[in-house]
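Notes follow the structure.
Basis for what follows: all heavy atoms, side chains included, without hydrogens, waters or symmetry-related copies.
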Amino acid sequence: MNIFDDLQWRGLIQDSTDASSLADQLDGEPVTFYIGVDATGKSMHVGHFTQILTARRLQNAGHFPILLVGGATGLIGDPKESGERPLQSRDAVARNAEGIREQMGPFMDFDCKNPARLVNNLDWTSEMSMIDFLRDVGKHFPINKMLAREVVSARLESGVSFTEFSYQLIQANDFRQLREEYGCTLQFGGSDQWGNITAGVDYIRRSTGATAHAFVTPLVTKADGTKFGKSEGEAVWLDPELTSPYAFYQFWVNTDDRDIGKYLRFFSFRSHDEILELEKATSERPAARQAQKALAEELTTLLHGKAECEQVIAASQALFGRGTLSQLQESTLEAALSEAGTTVVDDAANTSIATLFKNSGLVKSLSEARRAVKEGGAYVNNVRVTDPDAVLADEEWLHGRLAVLRRGRKTFAGLKRS
């Protein structure tokens, strides 16, 4: 199956400037395309995955990717309906841009016959004077079309600054600059960027008479109505310091059955037949979570590497009594326990196991803790405990400071010795 048909099968083309022309372009000679990420934060999140992995698919099909970091547009801020974005300092945006450049690297190939290229739009935007910008760029933008953009029209009553209003001119100029410098003829992004992207297509046509193409991918949503990439109010980041590999893996493992088929098509590089088999497995054996585990392993390996993914899977199994906790790396174990909830123990030498269970929240009282021990349902580091009044010896603390309490088969909590 050719790349255009593959993208359609996966549901990754929501709108395009000319579907038949886009199909001819993608399935013909190699083209140069670009995606952009603004440097408004120091890390990308899983919401960026649709564009990043779609770019990887296009590169795998032989096309040339340009990955643009928005060092200039990050200083301006794309208008949003909820209100004006706070401006960030130049130093902060520069740090963000460097972090995003590093994160983009593992997803693309920079040494193949159609290598990826990393650019920063601040490099050419900063060289333009205000007069040049107004004459060379602004002259080609009808104000009525700019006002008609949905997010702008929604802000007219509450107010939108000229700074944010001008954002689409800067992005449009990026497309023209990349076309002139590298022969870039295609841009894509999320569907919320359709107005900005088509502004670039129009600008190239108005200013040069040349043709450019564009398409947008759908915004990813969750069946329960919450925002994709949000876990208990926090974004799932690609930076391991913001979202640990364990938490990243668990995000995908916990995918709703109603969403997993769509996410497999959007994010997995498995064949169509493999994806259909995983969708079938979800329908027939949902409790096994085979599709969720397959996607979690694939994406965690892609982002964090095979060795880290193996540690994460081992931790997932060991925490529920199906592996050896002592073989886990300290960082992986600590990250896993932080997801479950970790209690700091100040006086470990004088704190009984029953008290540890109570303080961890696994039981409500000391009497309930004693009962759990008596009934054989209390474990420390996957070893059943028999004496509720015992204390943990030094050698029982994993890596000298961590321990895992478990009640029954599925409920566990972490301890951290101060």
Side-chain angles (χ1 to χ4, degrees), residues 13-19 21-22 24-26 29-40 48 50-52 54-55 58-59 63-79 97 100-101 104 108 114 116-128 132-143 145-146 148-149 151-152 164-217:
I13 300 178
Q14 176 170 313
D15 291 300
S16 64
T17 47
D18 185 332
S21 179
L22 177 63
D24 291 340
Q25 190 177 37
L26 291 181
E29 294 297 316
V31 300
T32 298
F33 68 91
Y34 97 92
I35 60 168
V37 177
D38 278 347
T40 51
H48 293 105
T50 312
Q51 279 69 57
I52 297 170
T54 300
L58 290 175
Q59 185 180 35
H63 300 297
F64 291 82
I66 297 176
L67 309 177
L68 182 146
V69 179
T73 39
L75 288 167
I76 301 302
D78 190 11
I100 290 172
R101 282 171 65 97
M104 282 185 168
M108 310 302 293
N114 55 317
R117 182 188 302 271
L118 280 167
V119 299
N120 187 329
N121 62 6
L122 188 63
D123 293 342
W124 55 81
T125 307
S126 62
E127 296 177 354
M128 297 186 73
D132 289 339
F133 180 75
L134 292 174
R135 286 178 61 87
D136 298 342
V137 182
K139 185 69 174 177
H140 298 281
F141 283 80
I143 196 72
K145 290 196 68 173
M146 295 178 68
R149 187 186 170 202
V151 69
V152 172
E164 286 194 339
F165 186 59
S166 301
Y167 179 96
Q168 64 177 278
L169 277 71
I170 299 176
Q171 183 170 326
N173 186 55
D174 291 342
F175 199 172
R176 177 173 170 176
Q177 291 290 331
L178 294 177
R179 191 183 191 284
E180 292 178 351
E181 182 72 19
Y182 305 112
C184 178
T185 58
L186 172 65
Q187 180 188 180
F188 73 89
S191 59
D192 59 333
Q193 290 293 308
W194 179 245
N196 289 332
I197 292 173
T198 53
V201 173
D202 289 343
Y203 174 49
I204 289 173
R205 177 181 56 80
R206 289 173 183 272
S207 61
T208 70
T211 300
H213 298 280
F215 73 91
V216 288
T217 61

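Atom CZ of Phe133 sits about 4.5 Å away from atom CG of Leu169, to the nearest 0.5 Å. Distance check, rounded to the nearest 0.5 Å: CD of Gln177 to CD1 of Ile204 gives 10.0 Å. In this structure, CE on Met108 lies 8.0 Å from CG on Leu58, to the nearest 0.5 angstrom. If you take CZ on Arg101 and CG on Leu68, they are separated by 10.0 Å, rounding to the nearest 0.5 Å. Interatomic distance, Met104 CE to Leu118 CG, rounded to the nearest 0.5 Å: 7.0 Å.
Side-chain N or O atoms of Asp18 include none that pairs as donor or acceptor with a backbone N or O of His213 at under 3.5 Å. Using a distance-only test at 3.5 Å, with no hydrogens or angles considered, no donor-acceptor pair links the side chain of Gln51 to the main chain of Phe188. Side-chain N or O atoms of Thr198 include one that pairs as donor or acceptor with a backbone N or O of Gly195 at under 3.5 Å.
Shown here is Arg117, whose CZ atom has no more than 12 heavy atoms of other residues, nucleotides or ligands within 6.0 Å. Residue Arg135 qualifies as open at atom CZ: its count of foreign heavy atoms under 6.0 Å is 12 or below.
Summarising the geometry of Thr17 relative to Trp194, their closest heavy-atom pair is N-CH2, 3.8 Å, with the distance given to 0.1 Å. Heavy-atom minimum distance, Gln171 versus Gln193: OE1-OE1, 3.3 Å. For the residue pair Ile66 and Cys184, the shortest heavy atom distance occurs at CD1-CB, 4.2 Å. Nearest heavy atoms, Leu122 versus Gly71: CB-C, 4.0 Å. Of all non-hydrogen atoms in Ile100 and Val69, the two that sit nearest each other are CG2-CG2, 4.1 Å. Heavy atoms only, all atoms of each residue included: Gly190 and Val216 are closest at O-CG1, 3.5 Å.
Every ring pair (Phe, Tyr, Trp, His ring centres under 6.0 Å) that His140 has, sequence neighbours left out, goes to Tyr203. Looking at residues two or more places apart in sequence or on another chain, you find a ring pair (Phe, Tyr, Trp, His ring centres under 6.0 Å) between Phe175 and Tyr34.
Looking at Asn114 and Pro30, their side chains never come closer than 4.5 Å, going by heavy atoms from C-beta outward. Contact check for Phe215 versus Ile197: no side-chain heavy atoms found under the 4.5 Å cut-off. Two residues are said to be in side-chain contact when any heavy atoms from C-beta on lie closer than 4.5 Å; Gln187 and Leu178 fail this criterion. Contact annotation: the side chain of Leu26 never approaches that of Phe33 to less than 4.5 Å [non-hydrogen atoms, C-beta and beyond].
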inquiry  = One pair to check against side-chain contact (heavy atoms from CB on, under 4.5 Å): Leu186 and Leu22. What are the steps and the verdict?
reply    = CA-CA 9 Å; Leu186 172 65; Leu22 177 63; 3.9 Å; yes

Pair Thr217-Ile13, side-chain contact (heavy atoms from CB on, under 4.5 Å): steps then yes or no = CA-CA 5 Å; Thr217 61; Ile13 300 178; over 6 Å; no

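Counting only residues at least two apart or on different chains, the salt bridge (charged side-chain N to carboxylate O under 4.0 Å, His left out) pairs with a member in residues 179-192 are Arg176-Glu180.
Checking each of Thr125, Asp174, Thr40, Asp38 against Thr73 for a side-chain hydrogen bond (donor to acceptor under 3.5 Å, both in side chains) leaves exactly one that passes, namely Asp38.
For Asp15 and Ser191, the side-chain atoms include no donor-acceptor pair closer than 3.5 Å.
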